[in-house]
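Every heavy atom of this structure was used, including side-chain atoms; hydrogens, water molecules and symmetry mates were not. Numbered from 1 within each chain, the chains take letters A, B, ... in sequence-line order.
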Amino acid sequence: MKDTPEMFWTGLSPDEARKALVNKDKSMRDKTMSLKEAVDTFIHDGDNVGIGGFVDIRQPVATTHEMVRHGFKDLTLSFQSGGMAIDYLGAAMMLNPDHFSIKRLELAYWAHEAFGLAPMFRYLAERSLIELEDWSNANMSARFKAGAMGLPFIPTRGPIAGDVAKSNRTKIIDCPFTNRPIALLPACHPDVAIIHVNAADKYGNCIVRGSDCTCAEISMASAHTIVTCEQLLSHETITSLPKDIAIPFLGVDAVIEVPYGAYPGACRRSYYYSKEHIADLHRRTSLMCKTENKDELQAYFDEYIFGVDDFSGFLEKIGVAELLKAKKLEAANCERLV
Amino acid sequence: MKDTPEMFWTGLSPDEARKALVNKDKSMRDKTMSLKEAVDTFIHDGDNVGIGGFVDIRQPVATTHEMVRHGFKDLTLSFQSGGMAIDYLGAAMMLNPDHFSIKRLELAYWAHEAFGLAPMFRYLAERSLIELEDWSNANMSARFKAGAMGLPFIPTRGPIAGDVAKSNRTKIIDCPFTNRPIALLPACHPDVAIIHVNAADKYGNCIVRGSDCTCAEISMASAHTIVTCEQLLSHETITSLPKDIAIPFLGVDAVIEVPYGAYPGACRRSYYYSKEHIADLHRRTSLMCKTENKDELQAYFDEYIFGVDDFSGFLEKIGVAELLKAKKLEAANCERLV
Amino acid sequence: MTVSKDYTAQEIIIVAGAKVLEDKKVVFVGTGLPMVASLLAKMTHAPSLIPVFEAGAVGPDLAVGLPVSVGDSKTFTSASFVKGLNSAFEMTQRGFADYGFIGGAEVDMYGNLNSTMIGDFPDGYQKPKIRLPGSGGASDMAASCEKTILIVPHDKRKFSAKLQYLTSPGHLDGSKDARWKAGMQGSGPYRLISTKGIFDFEEESHRMRLLQTFPGETKESIQAETGFELLFADNVTAFAPPTEEEVRLIREEIDPTGIFVKRA
Amino acid sequence: MTVSKDYTAQEIIIVAGAKVLEDKKVVFVGTGLPMVASLLAKMTHAPSLIPVFEAGAVGPDLAVGLPVSVGDSKTFTSASFVKGLNSAFEMTQRGFADYGFIGGAEVDMYGNLNSTMIGDFPDGYQKPKIRLPGSGGASDMAASCEKTILIVPHDKRKFSAKLQYLTSPGHLDGSKDARWKAGMQGSGPYRLISTKGIFDFEEESHRMRLLQTFPGETKESIQAETGFELLFADNVTAFAPPTEEEVRLIREEIDPTGIFVKRA
């Protein structure tokens, strides 16, 4: 076995995660509340936060805005590939680490594919302001899956050779069945998951369109889960599409209807990316990276996040034309009757 | 680690299973053929056959009839909980092991819940005519899943203590992350999977209603898969329900439309159990168990299986009234407009 | 409510089993009488009970009737989650099942169950005297549900000092933290319901302990039909016989065709 | 077909990448130029190519246009399978991806890639000189696809004797069976396409070997811009420049808004 420092868990250990469920109220009850109430109730300083979506697909952007307004200290962020949700948290730390700080990232990728790099990542990493633990996408997805399955670890054929496995808590053993090396990944049990989905009922049964990403696994692995949804549906409607339910109510603690909750990222069937808005945030961030002048980035946050009460205030500032444009672009992808 | 005899694989080892896929034609092509052609092509003496469904839900009964007509030697049958599909194969062996024989069972359960025991199982096991390897339902499902995931093993919290893990190739290790004991299950890669689904397109994209059972995992784990379906749909219709596709075409080699293909078992939305027919087969089998007189059981096989060319001949003998009765019973379960 | 004068051994098991279940809890329901008991609980004191079945249904209202199988179509109508065996067992490993409700053919004083074989294990494993159906999901439920409720018909050979095969782990050898040390989760057997009474497992020794006797039974009559020494609660009480309404619900509403509940 | 006189370095990479792909095979497509090349292949010689994307789409026809992300909505329309990251990677581990098509910021002579950091690993891991986005799915594709096709812009610092961080395993140290011994599956890097030519990896040594030069390049010009000693095929040939039609397809049909293919 690879010579590793002593094993540690971020978030809950497998045995703690099991214990947390034993006494939890699992009843099918109304879990709707405001996003502010959900963030106040379920997220705490020092938490390991599991973040849903994939790059700029269906990321829980509205929840990250609320988290930034609230302010948190020393969070660990766990995700496979992150885009705007991580950007907002990272930029908030750049602006005022006394109000909002990330202690540690467990990640596979933080950037935006066609929309470029995340300058926040370079800023925080190159100044050594956050602990890094690199994994691959399959690694992080499998770690959440192990958590969701109630297993302490899961084997993988992923990057067993190379430096990724040396950057993290992967353990390599000889497979007791084949005698070939195999990598084992420790489960990830976040304290809280933040997830955006297409639809949910008030109990937390969730429907996802397009990529499932790793949202169900993150929800089921976490001690608590905050779900925002494009659309709140009746329980009867949701259960009439039983094969579409990706996350059962058991894995959800708070349900909030937040249309455009992944904007300026995309949400299948509802809206496509707003690349101009993403580029604007990146431009302002890059400016701070280069000059340490935070004015433009601060102005963005003052206008769009601190200057509004909730995500509907943000959408007001975006305006109807932009929202309709994003909706129209996505309609072309899906070719469906609304 | 538990002191076990040398490890062996039934079906394909993980490395063989990988190699079998490397040179396989994975193209999206028309895979429709007759059930006879599929059984002739993809099943061979000595094969490990992975069997879909769960107890009497969506078992591949039509395919087992065809297998019995064909005759096979020394099969290994792998499944979690088996009902009528296993019954037909077991009874065929009771009648004439020179024509049809099972060498080995890897299973969690063979019986019929409310419909009683499988007398074939008692006959074959108590006379020591087949090798047994007991697992649990979660064990067998997870073994297929490990195979589908391309992993040599998967951990489980299942029956780590007790005699189940001593009856099979489970290995118990100290978890390298928690230091607590954890059970590891070797993957199962059948040579061939036999699966019945609600709908498929000609490429093999499959839709399942009600329980997924472990059908997708078995299909993806196996070297080849024969799928029978209640309904053959166009590719366009299938892909218009993308979240309902449980098995992608990549995991399927033969597609055959066989309405009532799980009868006298049940298939959600299409038909409920025919408990009288199940009871009739069991009565005839029990008679042979008690008296070694095989006449009544032979008469069943001569009439319903050897006396017909294919499964439509079997359904002719069942008759319209019985089939409509099964359909009507199921309609009441689903309360849906046909 | 009027006490029934005409209930069967199965029916009192069902009534006792239903009463153990708490409302708003998740119960992983095994096949047979546990299904009837769960339905009775849902129709009486526990309307918000959340049944989970191993073929993958979570939380159905069971309004279309008693399933004949844990994979029955009736378990899926109105369910909140419709996947397969792996998903049901993974949720259970994770800790989402408050109760597991299982049966067995043979039980020992620590609540370990046998549903695999009668004969000599391991030497006679490949040639059992009587081959039983096998674990199914029972051993998984026993290993991973938080608490298990066991149903075993009372009979001296079935309440056995030494199991012929240990299929579903209970408190193992009864030693302190035996389940934890073996690598399992969950606190193990919580109640056992037989045709003669209701039992728990004493906290220190994890030995089977009589809590309540069914009508017509005494401590002595139950010990006489048990193949090991029972413990007795300080205050063994009499379990009230089923009411006429409970028996009516079982016979007329839940299992009118006698799928699991035999009339004799 | 008329040869284009006006193609960019990205465009010839795309054309070369497309030509490596065989029809009717499964290609696990990484983000960026691999997406453009796969679309070009589908629109030319490989209409039945089966793209797989790591966010979970299998086999879409991509008729609604070029995705900007491997999780883009456009990858899901008409797909035969619509799940998530775990399903895509599990299929790949199982062996369903004939080709993996990935990029990187730095490559060595054995086809190992770096997309994590510039700086000193492990000592400077927590304070990189330049922090790159990280593996994403590239290291998974590199480990488990049957064959991988690598795209790296040609530059002496990027074609490096020693990677600063090994993100995506190629032929490792080039020794016999190195991948197998490390526990991986798949035969590893199959082709590398740079802005200067097309390479394979010599069978015995697993070292990068020049197969074809792009217009304007020679063995010498390419070696001069490579930070390690290249091997050369016995018969290094000239890669035909893109045709006008290929360039038109890229500019007008596939990426008209310059999502990945810059005009300059």
Side-chain angles (χ1 to χ4, degrees), chain A residues 12-30 144-154 187 189 200-207 212 216-223 225 233-252, chain C residues 21-28 42 46-53 55-61 63-64 73 75-99 140-141 143-147 177 179-181 183-188 190:
Chain A
L12 288 75
S13 75
D15 291 323
E16 289 166 350
R18 165 83 191 195
K19 265 182 217 138
L21 272 188
V22 170
N23 297 313
K24 191 168 171 175
D25 177 3
K26 305 179 189 77
S27 66
M28 195 183 275
R29 63 192 187 283
D30 188 343
F144 292 125
K145 180 166 180 154
M149 292 171 76
L151 296 176
F153 66 87
I154 193 162
H189 288 288
D201 68 15
K202 66 183 175 185
Y203 306 124
N205 292 301
C206 299
I207 287 182
D212 288 336
E217 294 91 330
I218 301 173
S219 302
M220 298 301 274
S222 297
T225 298
L233 292 176
S234 73
H235 179 63
E236 291 63 34
T237 301
I238 287 267
T239 54
S240 72
L241 300 162
K243 291 306 226 191
D244 288 4
I245 300 172
I247 311 172
F249 68 92
L250 291 168
V252 174
Chain C
L21 295 172
E22 288 174 274
D23 197 17
K24 301 184 180 182
K25 295 285 186 179
V26 179
V27 55
F28 196 121
K42 249 183 123 54
S48 300
L49 187 72
I50 300 158
V52 172
F53 295 94
V58 174
D61 61 17
V64 291
S73 193
T75 67
F76 285 96
T77 298
S78 82
S80 284
F81 203 52
V82 172
K83 303 283 183 204
L85 277 87
N86 275 312
S87 79
F89 289 119
E90 289 163 8
M91 283 175 52
T92 306
Q93 286 188 153
R94 175 68 184 90
F96 282 107
D98 295 307
Y99 293 99
D140 304 304
M141 293 159 66
S144 291
C145 291
E146 187 48 33
K147 297 174 179 176
D177 298 330
R179 290 176 56 90
W180 175 263
K181 285 178 187 159
M184 292 190 296
Q185 304 183 120
S187 56
Y190 169 71

Exercise. Would a 4.5 Å heavy-atom cut-off, applied to side chains only, mark A:Phe249 and C:Ile50 as touching?
Worked result: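 The answer is yes; the side chains approach within 4.5 Å.
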Exercise. Taking C-beta and beyond as the side chain, do C:Phe96 and A:Leu21 meet within less than 4.5 Å on heavy atoms?
Worked result: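 Sidechains of A:Leu21 and C:Phe96: in contact.
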Atom of [X], atom of [Y] and distance for their closest heavy-atom approach:
X       : Y        : value
A:Val22 : C:Asp98  : O-OD1, 4.0 Å
C:Val82 : A:Pro242 : CG2-CB, 3.4 Å
A:Met28 : C:Ser80  : CE-OG, 3.3 Å

For this session: Give the member of C:Met91, C:Lys25, C:Lys24, C:Lys147 that has the highest number of heavy-atom pairs under 4.5 Å with chain A.
Result: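 Of C:Met91, C:Lys25, C:Lys24, C:Lys147, C:Lys24 has the most heavy-atom pairs under 4.5 Å with chain A.
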Problem set entry | Proximal component of A:Asp15, with respect to chain C [non-hydrogen, under 4.5 Å] |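 It is the side chain, since no backbone atom gets that close.
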For this session: Would you mind checking which part of A:Ala17 comes under 4.5 Å of any heavy atom in chain C, side chain (CB onward), backbone (N, CA, C, O), both or neither?
Result: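 For A:Ala17, the contact with chain C is made by backbone and side chain together.
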Exercise. In terms of heavy-atom proximity below 4.5 Å to chain A, should C:Ser87 be classed as side chain, backbone, both, or neither?
Worked result: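 Interface part for C:Ser87: neither.
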For this session: Supply the atom-to-atom distance C:Lys83 NZ to A:Ile245 CD1, rounded to the nearest 0.5 angstrom.
Result: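 Output value for this atom pair is 8.5 Å.
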Exercise. If you round to the nearest 0.5 Å, how far is CZ of C:Arg94 from NE2 of A:His189?
Worked result: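 Answer for the NE2-CZ pair, A:His189 versus C:Arg94, is 5.0 Å.
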Exercise. Are the side chain of A:Arg18 and the backbone of C:Gln185 linked by a donor-acceptor contact shorter than 3.5 Å?
Worked result: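 No.
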